Amino acid sequence: MNKLLSNKWVITAFVLPTLLFFLGIVIVPLFITGYYSLFNYNGLINIADAEFVGAGNYIKLFTGDSVFLVSLKNTAILIIGSVFVQIPLAFLLANRLAKGIPGEKAFRTIFFIPVVIAATIIGKLFYYIFSADIGMVNAIVRALGVPDFYFNWLTNPATAFLCVAFAAIWQYIGYHMIILYAGIKSISADYFEAAVIDGATGAKATRHITIPLLAPVVKTCVVLATVGSVKTYDIVVSMVGSGSHSGTQVPAILLWRNLFKGRLVGYGSAQAFFLVVVCLLLSYLIARLFKKSEENASQY
Amino acid sequence: MNKRKIKTIITVIGLSLFALVQLFPLYWLFMFSLKSNTDILLSDNVLGWPTVFQWENYATVFSRSTIPMYFLNSIIYSGATVLLAGLLTAMTAYAIARMKWKLSGAVFMLFVVGLMIPVHAALLPLYQVLYSTGLRSVPYLGLILVYVAFAIPMSVMILTSFFKVLPRELEEAAVIDGCSIFGAFWKIMLPLIMPGFATASIFTVMGTWNDLLLVQTYVDVNSLKTITVGVLDFVGVHSRKLGLIGAGLVAATVPVIIIYILFSERIQKSLLQGAIKG
Amino acid sequence: MKKRFVTLLMVVSMLLGVMAFQPALADSAEPITLNLWHIYTDETDTQRIVIEEYIQEYEAAHPNVKVEQHILQDADYKNKILVEFSGTAESVDVFSYWGAGRAGDIYNAGKLLCVEDYMTAEQLASIKPGADNNFKYDGKLYGMPRSSWMMVLYCNTELFEANGVKLPETYDEWLDACIKFDALNIIPVALGGGVDDAWQAAFVYEALVNRIVGADAETIVLEAMAGFHDNDGFKEAAVKMAELSTARAFGKSPLEIDEFTSNAQFLSGAAAMRLTGSWFTKSIYELEESLIEGKVTALPIPKVEGGNGKDTDYVGGIIDGFFVNAATKHPEVATDFTYGLSLISGNRLHEIGDGFTAFNLPVDESGLYPLAVEVAAIANRAIDGFVAWDTFLPGDLADIHLDACQALLVPNADIGRFMDAYKAIFD
């Protein structure tokens, strides 16, 4: 059996086409980005004429760029929110639906809908919810009896990014829910039957069977949530714009500004490359954290 | 009424309220598309109805001759990407999850790296790569290849985790029955993974349908553009009818929702089959 | 079989014979495709209408030329142009762009066509003197100017009269008027400088700089990219802008208001003033949400006492135009096309009050709206000016400027930080 599973021809046939695609279109440009990050390059001149600065751009990242550090902080907020609020909520919903409930199909379909709607639309919606002058939140508070209530949710540095994070996290609850739901449904019914025989149902079954067996799927969600947080862009721009005045910038905004508006292709590339490295580290950490639970799961 | 029933009813009510919240953006967008600029920009009635229903916004959007063409293109790009990416990644995910080879972990990590690349970073170099290989001049192909490449990491991740959850005995049973690994893959594993496949496809479609940046960068010919680009035709430099843009957005969003609902059906069907077989 | 073959041969040789006569005609007019790129996505936009009409005329007059339009919305357009020009941009022949620093980047990469080399003396002479300052590099013309704009303070006369407020001629009167309107719950100045329209916030700063530093000194500093910190006027302008913002001159949450919201505020009568470019006149008469037609007057930017700004100084100028790719395969045709396009666009925009043409040729001003005539009167008195800085500076420096100006709209704006930010630009 093991011999069959190590058949080199099959493995190559299954993996090589995908790999080639991927290397050519995703990895090669990444290395080119890394290459550009070593120069003072504005995208218009010939790269051969550009001035070589080596690690100069990277040093600037940490010494001269306070908005970059703020954007990293914002990314951290998004990651923490998604891993500790969004995914647990998604799990609760997925679990409840997977157990069976009238209208399950409809609920499942509906819960995912915000994910399908373009982030720019969601961003604009939340702008109209949190706007100080014409927003829903302020209007509701006023209607509830505080007549002069006026709060700058979107421009007060203390609350601005939290509102953006709220919108981003809310939008993607359904995303993780659907992945976890399919995962739960894939767990063979045999396990649950065996559990019933052993006297474990409901919450106990969830704790001892569902969650451990779901570990690989949860890991996927965590990695996706982390990476997605790093790439967040559209929802921020459509909700509060790309300026730095209220501390709402995220790395992707800075990348866009530097690479395209500002023509700082060399510097922007350094930021991009740095982000990729950060993501890699985070993924590695997540993988290690989950390794134990995966080993347990494959024992079943 | 026993305790269980009450619990169920309360749960259903709670879920229904949440469902209303999830549907709110669609309601809001629809109302937005029927409002005048004054309604949108000056009144604080986010939930409310338009003072005058501007149905003509929809007339304007649909009377444009370019709209059906853009729709068709969106469907072509998304459909081709789903099929090609789905096939490639199913095979690769299977190999990573179930077959034994030293590099499986490394290759997997490689795909994960791809997921992390913010598209803005790769845009310029990728353009230069595609340009120098002459791929840009072939209609549709260039952009489809880009979409597939960017869909690969996500698809591989989802499918790998699904393949891993399947019991080991399945391949053994298939081999005992006389199948090659290849056969086991096609006849047994792939059908069982349908829920995961449909899930991965939904994400692929999301990445391609709503995409704006890649289309604009890699497609110059108007007859090859998608519906998301089409909406921008209504965006003026110093003045614009926001409701009109809203109508365009509704036109661009509704199809994805329909596609999603159809795929949801597929998941449901496959899950039922899977449950019986498993 | 043989018969058929002979017939075929005869037909082919006949065709060849006929075709042999064609070259004489074909040679003088080989088919040419010109790729025109621009940002005017809205089909109701005057500039877009002008482009469509001009293309039809040009193709009719030159049957061998086909013009392909490539239209992208502003932000995406800038992306795309960079991506294209990172290579040879072979699918770009003519493109709309901004002169000075922005086109300067492309010029420095050697990718702008020197249109002067392909223009006739007549064509060159038709450009108003000084109108092409932002289109010249190393003394030669590298792009076509189109039209200029001017910043004015639009005032809702009905609101002023009804509330007994004086139309402001000086900064002090302006501040006073703002305080009065704020107390009456009327937005004093509708300013769309929030979200991603930071350029409107920059307008306020640039207006004050114009009045305090004066257009001449301003031009010297910007063109030399030095001397900003030596002139106290730049700092004073920031202080005054923060003062206005604190007095709620721009509403309670200026950072949340974008251009369209501020337009709507003014057009609906919810705001007393609007500080923006002369292109706005058209909106007052043509947009359906405008309730203020006939109730608006246009004032020059209020003077600052003790400031170096002359009465004839203005904010605005000619920065929008059309350029040609140096790698274009048809430089003569492209230049000829571009010249005509700029000329007709400039004149047409002038005729509807959406700008002031960069060309000397006669324009028909009879169709101008009354308010446009007022604005034109102010423009005719104006002599020295400077454009909006974000259209003058190259991309990354423009961003620093925009961010800094937007930050002045934050409560308790940090002036020290503002001044520091400009060290990156001017030193």
Side-chain angles (χ1 to χ4, degrees), chain A residues 32 36 40-47 49-50 60 64-67 120 123-124 127-128 130-135 138 148 150-157 160 163 236-249 253-268, chain C residues 75-89 101-112 187 193-198 201 251-258 261 264-265 270 390 393-400 402-411 413 417 421 424:
Chain A
I32 297 179
Y36 286 165
N40 226 350
Y41 176 50
N42 76 351
L44 294 170
I45 61 180
N46 226 322
I47 184 69
D49 300 328
K60 229 172 109 184
D65 203 348
S66 58
V67 290
T120 33
K124 264 301 169 224
Y127 166 79
Y128 286 109
F130 284 112
S131 159
D133 284 332
I134 56 174
N138 282 352
D148 289 328
Y150 189 91
F151 191 77
N152 285 325
W153 299 102
L154 296 175
T155 50
N156 185 325
C163 295
V236 182
V237 171
S238 63
M239 204 168 149
V240 290
S242 59
S244 62
H245 51 82
S246 304
T248 53
Q249 285 176 326
I253 289 181
L254 296 177
L255 275 184
W256 178 76
R257 279 197 159 190
N258 289 331
L259 289 171
F260 293 97
K261 266 184 99 187
R263 307 267 171 80
L264 294 172
V265 176
Y267 184 65
Chain C
D76 309 310
Y77 183 82
K78 291 183 178 125
N79 277 10
K80 183 69 164 159
I81 291 289
L82 169 69
V83 168
E84 290 289 331
F85 276 101
S86 69
T88 54
R102 287 212 186 253
D105 273 340
I106 305 182
Y107 164 76
N108 286 329
K111 296 179 181 175
L112 265 191
I187 301 168
V195 201
D196 267 326
D197 288 334
K252 289 192 273 202
S253 301
L255 287 170
E256 283 186 23
I257 312 288
D258 65 3
T261 308
Q265 288 171 339
D390 68 303
L393 295 167
D396 53 324
L397 300 181
D399 268 342
I400 295 175
L402 290 175
D403 263 355
C405 290
Q406 214 176 29
L408 287 176
L409 295 176
V410 169
R417 197 150 167 228

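Quick caveat: nothing in here was measured; it's all calculated off a predicted structure. Heavy atoms only: backbone and side chains are in, while hydrogens, waters and symmetry mates are out. Proteins get letters first, then strands, A, B, ... in listed order; numbering begins at 1 in each.
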Side chain / backbone / both / neither for Tyr127(A) at chain C, heavy atoms under 4.5 Å: side chain

Given Asp396(C), Leu397(C), Asp105(C), the one that forms side-chain contact (heavy atoms from CB on, under 4.5 Å) with Arg263(A): Asp105(C)

Heavy-atom pair of closest approach, residues Asp403(C) and Gly243(A): OD1-CA, 3.7 Å

Option in Phe260(A), Tyr267(A), Trp256(A) with maximal non-hydrogen atom pairs under 4.5 Å from chain C: Phe260(A)

Inter-residue atom distance Ser244(A).OG - Asp399(C).CG, 0.5 Å rounding: 9.5 Å

Residue Ile134(A) versus chain C: region with a heavy atom under 4.5 Å: neither

Top contributor to chain A interface from Ile81(C), Asp197(C), Thr261(C), Leu82(C) [non-hydrogen pairs under 4.5 Å]: Leu82(C)

Residue, of Lys78(C), Gln406(C), Glu256(C), that accumulates the most heavy atom pairs under 4.5 Å with chain A: Glu256(C)

Engaged part of Val67(A) at the chain C interface, taking heavy atoms whose separation is under 4.5 Å: neither

Closest non-hydrogen atom pair, Ser242(A) against Asp196(C): OG-OD1, 2.6 Å

Structural part of Lys252(C) lying under 4.5 Å from a heavy atom of chain A: both

Structural part of Leu154(A) lying under 4.5 Å from a heavy atom of chain C: both

Closest heavy-atom pair and its distance - Leu255(C), Ser246(A): CD1-OG, 4.5 Å

Smallest separation among heavy atoms of Ala407(C) and His245(A), with atom names: CA-CB, 4.5 Å

Contact winner vs chain C - Thr248(A), Val265(A), Asn152(A), Asn156(A), heavy-atom pairs under 4.5 Å: Asn152(A)

Straight-line distance of Ile400(C) CD1 to Arg257(A) CZ, nearest 0.5 Å: 10.0 Å

When Ile47(A), Ile45(A), Val240(A), Leu44(A) are compared by non-hydrogen pairs under 4.5 Å with chain C, the top option: Leu44(A)

